[in-house]
Trainee: 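Attaching a single structure in structure tokens format; questions to follow.
Along the sequence shown, the residues carry numbers beginning at 1. In each ligand, atom 1 is the first atom listed, and ligand 1 is the first ligand listed.
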Amino acid sequence: MDTSTFDYVIVGAGSAGCVLANRLSASGRHSVLLLEAGPEDKYFWIHIPIGYGKTMFHPVYNWGFYSEPDPGMHGRRVYQPRGRGLGGSSSINGLIYIRGQHEDYDRWAGYGNRGWSWRDVLPYFIRLEHNTRGAGEFHGDAGPLWCSDIEDRHELMDAIIDGAQELGVPRNDDFNGARQEGVGYYQLFTRHGWRCSAADAYLKPARKRANLAVETGALASRVLFDGRRASGVEFAQRGVTRKAHARREVIVAAGAFQSPQLLQLSGVGPGQRLRALGLPVVHDLPAVGENLQDHVQFRLMYKVSRPITTNDQLRTWHGRLSMGLKWMLQRRGPLAIGINQGGLFTRVLPESRTPDIQFHFGTLSADAAGAKPHPWPGCTFSVCQLRPQSRGRVELRSTRMQDAPAIVSNYLSTEGDQRCAVAGIRFARQLAATAALKPYLVEEYRPGAVARTDHDLLEFAREHGQTIFHPAGTCRMGADEAAVVDERLRVRGVGGLRVVDCSVMPDLVSGNTNAPVMMIAEKASDMILEDGARL
Ligand SMILES: Cc1cc2nc3c(=O)[nH]c(=O)nc-3n(C[C@H](O)[C@H](O)[C@H](O)COP(=O)(O)OP(=O)(O)OC[C@H]3O[C@@H](n4cnc5c(N)ncnc54)[C@H](O)[C@@H]3O)c2cc1C
């Protein structure tokens with residue numbers, strides 16, 4: 001294989017990039033180069049579900065971005081973890097398998113994006129899945145991505161499910177089936193107790209192919225253009241600047257922060273701002289980096305009446321030993337679960353026709369995600385609004401890809417988002433007060449009894465709200481001329497260039513984003529191969 005010219009050059013080996021590398025190289029007819037800025041995924045804790053806590057602030061496997069000071073969050077800079085290395089964020093995420101609501105995709109199609117309705121995308125969700133429950137109307141068992149049930153039930157999670165039913169929330173044993181609304185245990189991206197990242201599922205089986213080259217430690221610094229057609233990628237690897245040429249296409253899959261950053265550095269973005277930074281403009285596309293959306297979580301924490309929580313197991317050496325043994329002997333227990341066991345989707349605003357909030361329940365509590373657990377029995381109800389109206393943006397801070405972009409998060413900047421946050425927190429309190437949970441929850445640690453009015457609860461949200469790690473929308477797909485990519489994910493105004501990752505979502509799906517991104521990449525791989533066949 002020519003080591004500097006390929007049919008396809010993919011930037012970023014994250015959730016989307018790994019899917020693309022596998023599917024585009026599968027026939028053996030096309031040469032593919034996958035560039036990843038981070039290292040191989042050799043760190044042990046990536047592969048153990050509970051290792052989430054170890055990678056949350058890891059200086060190598062996590063980009064560890066921060067937003068700009070956000071007025072909606074009392075001027076705080078909000079921590080923005082992003083995976084770095086093979087698997088990208090799928091190597092450090094919370095492993096929760098949620099597709100979103102059918103209506104999310106019908107809404108995307110309603111914006112004019114043909115081929116993206118629920119009916120259109122369901123076959124791709126099925127294609128990517130190896131669901132341990134087997135195949136059915138909504139599920140597949142022949143795909144590369146393992147989705148497994150949590151085998152250990154926890155009495156506290158069972159009580160939460162009972163409590164939610166007291167409030168009229170139906171039990172739901174499959175959030176990815178006919179309807180999302182309800183309460184139940186999650187399925188996780190695990191295979192026999194190990195994390196199943198996009199790299200595990202898609203890249204590892206493809207790496208033996210002679211037509212796929214994977215370069216790690218390779219930071220793409222710009223997309224190269226021949227006139228208005230993308231012709232390759234310039235990247236920095238071990239202090240050397242290299243170029244890879246693309247005969248067919250360059251595909252940017254660097255995630256919701258870095259895909260718009262790379263496009264802008266390559267001259268595709270808001271022309272005036274790029275010129276002001278001294279960058280040559282290939283195509284003036286003001287929407288690049290705009291439309292940033294994210295899910296914000298508000299974590300209510302409770303002290304639990306008995307030492308039955310993961311806090312208690314992690315606190316003592318014999319607790320840790322028994323967790324370790326359970327994982328080693330049976331691949332079960334807290335090490336195989338990660339952080340959140342179950343979830344709840346419901347409506348808290350009168351105008352919502354489908355669930356507008358999601359709860360993540362963890363039998364663990366800590367002052368921040370990934371921080372040391374509290375020294376008492378504790379649990380967390382994390383509340384997040386599913387379809388935020390607030391919009392932020394990603395801007396260049398410098399002309400170097402090595403520097404973090406400016407992330408303007410703009411959380412809680414609309415009245416609707418503020419109302420939903422307060423209503424969600426109130427719903428959490430109602431749940432905590434149910435008969436099923438009374439014997440378990442002895443005290444609300446945070447926000448605590450002093451927070452009573454709507455104003456108090458909104459202040460709590462602003463003071464303690466965090467991202468739940470789903471930034472999206474910064475290279476928006478749309479039928480309108482202002483959109484960054486069209487419905488086939490081709491960048492408007494130039495040739496030979498696509499974006500395929502979380503950034504193309506027109507707006508956020510109502511749930512966690514990993515499976516939706518992998519679905520997008522599955523569908524994109526078909527479109528790329530179809531368009532290639534027409535050349
Ligand atoms: C801490 C955390 C917890 C999460 N929990 C869940 C969860 O439980 N369930 C769920 O569904 N979703 C979860 N998510 C979200 C989900 O993982 C992401 O939405 C998804 O992985 C994004 O995929 P992506 O392909 O868009 O980007 P990523 O997977 O982030 O991939 C981008 C890749 O590009 C690389 N890259 C960036 N710039 C360059 C460059 N210039 N050159 C070369 N390479 C580059 C990066 O290193 C990275 O590997 C979580 C995310 C995080 C961070």
Trainee: Heavy-atom contact check, 4.0 Å cutoff: does Pro81 meet ligand 1?
Mentor: yes
Trainee: In terms of atom number and element, which parts of ligand 1 are under 4.0 angstrom from non-hydrogen atoms of Gly88?
Mentor: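 Ligand 1 atoms under the 4.0 Å threshold to Gly88: 29 (O), 48 (C), 49 (O).
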Trainee: Can a non-hydrogen atom of Ala218 be found less than 4.0 Å from any atom of ligand 1?
Mentor: yes
Trainee: When you measure from the heavy atoms of Leu95 to every atom of ligand 1, does any distance fall below 4.0 Å?
Mentor: yes
Trainee: Any chance the rings of Tyr105 and Phe125 have centres within less than 6.0 Å?
Mentor: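 Aromatic pair counts; centres sit under 6.0 Å.
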Trainee: With heavy-atom distances below 4.0 Å as the criterion, list the atoms of ligand 1 near Gly94.
Mentor: 3 (C), 4 (C), 5 (N), 6 (C), 7 (C), 8 (O)
Trainee: Is Tyr97 close enough to touch ligand 1? Criterion: a residue heavy atom under 4.0 Å from a ligand atom.
Mentor: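 Distance cut 4.0 Å: Tyr97 fails for ligand 1.
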Trainee: Do any heavy atoms of Gly17 fall under 4.0 Å from ligand 1?
Mentor: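 Per 4.0 Å heavy-atom rule, Gly17 does not contact ligand 1.
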Trainee: Does the side chain of Arg387 pick up a donor-acceptor pair with the side chain of Gln101 at under 3.5 Å?
Mentor: yes
Trainee: Does the residue Leu262 have a heavy-atom contact with ligand 1, meaning some pair of atoms that are separated by less than 4.0 Å?
Mentor: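 No, Leu262 has no heavy atoms under 4.0 Å from ligand 1.
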Trainee: Just checking, any donor-acceptor pair under 3.5 angstrom between side chains of Ser67 and Gln80?
Mentor: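 Per modelled atom types, Ser67 and Gln80 side chains form no pair under 3.5 Å.
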Trainee: Suppose we screen for side chain to side chain donor-acceptor pair (under 3.5 Å). Which residues come up paired with Ser398, at least two apart in sequence or across chains?
Mentor: Asp403
Trainee: If you measure only the distance, is there a donor-acceptor pair under 3.5 Å linking the side chains of Ser25 and Arg209?
Mentor: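 The answer is yes; a qualifying pair exists.
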Trainee: Could you tell me which residues satisfy ring-ring contact (aromatic ring centres under 6.0 Å, His included) with Tyr79, sequence neighbours excluded, listed by chain and number?
Mentor: Phe57, Tyr66
Trainee: What atoms in ligand 1 come closer than 4.0 Å to a heavy atom of Cys502?
Mentor: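 Near Cys502, meaning under 4.0 Å from one of its heavy atoms, ligand 1 has 19 (O), 26 (O).
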Trainee: Tell me which one of Gly217, Pro39, Ser89 gets a heavy atom nearest to atom 29 (O) of ligand 1.
Mentor: Ser89
Trainee: What atoms in ligand 1 come closer than 4.0 Å to a heavy atom of Leu219?
Mentor: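 Reading through ligand 1 atom by atom, the close ones are 40 (C), 41 (N), 42 (N).
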Trainee: Taking atom types as modelled, find out whether His464 and Gln466 have a side-chain donor-acceptor pair closer than 3.5 angstrom.
Mentor: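 The answer is no; no qualifying pair exists.
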Trainee: Report yes if some heavy atom in the side chain of Tyr202 is under 4.5 Å from a heavy atom in the side chain of Pro144; otherwise report no.
Mentor: yes
Trainee: For atom 36 (N) of ligand 1, what is the nearest protein heavy atom, given as residue, atom name and distance?
Mentor: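 The answer is Ala254 CB, 4.0 Å.
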Trainee: Within the 4.0 Å heavy-atom shell around Arg84, which atoms of ligand 1 are there?
Mentor: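 What qualifies from ligand 1 is 47 (O).
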